[in-house]
Amino acid sequence: MSIVMPLSSYRMHPIYLAATMNYGLGSDDPEELAYYNKIRKEMDDMKKQPIKKGISLNWDTPEGMDK
């Protein structure tokens with residue numbers, strides 16, 4: 001019988017670093033692989049989103065603020 005325990009922050013940190021720096025994980029632990037793949041997917045999704053540059057200006061003055 002195998003008891004599944006969530007990853008501790010101590011174990012998550014090196015996995016997060018490996019994922020964000022595009023390093024291989026080097027582990028066969030299913031929990032660690034799942035966390036690594038989750039981080040990699042989130043990073044890939046962020047790369048697909050357009051980058052908003054500049055500051056959006058709102059020229060509409062709220063009612064009562066123009067006095």
Side-chain angles (χ1 to χ4, degrees):
M1 180 176 171
S2 171
I3 298 175
V4 177
M5 295 181 62
L7 290 174
S8 67
S9 60
Y10 181 79
R11 287 176 62 197
M12 291 170 81
H13 184 69
I15 298 167
Y16 178 83
L17 290 176
T20 56
M21 298 180 75
N22 208 20
Y23 292 162
L25 183 57
S27 172
D28 292 333
D29 185 340
E31 292 175 20
E32 292 180 0
L33 285 171
Y35 181 66
Y36 177 85
N37 291 331
K38 176 185 166 211
I39 299 297
R40 292 295 307 155
K41 183 181 181 317
E42 288 175 1
M43 289 183 56
D44 290 342
D45 291 346
M46 285 190 328
K47 288 179 185 176
K48 293 176 186 174
Q49 295 176 355
I51 297 173
K52 297 179 183 176
K53 296 181 180 178
I55 300 171
S56 62
L57 298 175
N58 185 359
W59 295 105
D60 298 329
T61 307
E63 198 65 37
M65 293 291 290
D66 55 352
K67 296 179 182 173

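Just so we're clear, the structure is a prediction, and the values are computed from it rather than from any experiment.
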Tell me, please, which residues at least two apart from D28 pass salt bridge (Lys or Arg N to Asp or Glu O under 4.0 Å). none
Got a sec, which pairs hit side chain to side chain donor-acceptor pair (under 3.5 Å) with one end in residues 12-24, sequence neighbours left out? N22-R40
What verdict does the side chain to side chain contact (heavy atoms under 4.5 Å, CB included) test give for E32 and M12, after you've listed the backbone C-alpha separation in whole Å, the side-chain angles of each residue and the deciding distance to 0.1 Å? CA-CA 8 Å; E32 292 180 0; M12 291 170 81; over 6 Å; no
Could you walk me through whether K48 and D44 pass salt bridge (charged side-chain N to carboxylate O under 4.0 Å, His left out), step by step? CA-CA 7 Å; K48 293 176 186 174; D44 290 342; over 6 Å; no
Which pair of non-hydrogen atoms, one from G24 and one from A18, has the smallest distance, and what is that distance? O-CB, 4.1 Å
Quick check: closest heavy atoms across S27 and L33, and the distance to 0.1 Å? O-CD2, 3.5 Å
I'd like to check the side-chain contact (heavy atoms from CB on, under 4.5 Å) partners of S9; sequence neighbours left out, ordered by chain and number. none
Quick one: are I15 and L7 in side-chain contact, heavy atoms under 4.5 Å? yes
Rounded distance (nearest 0.5 Å) linking atom CE of M43 with atom CE of M21: 10.5 Å
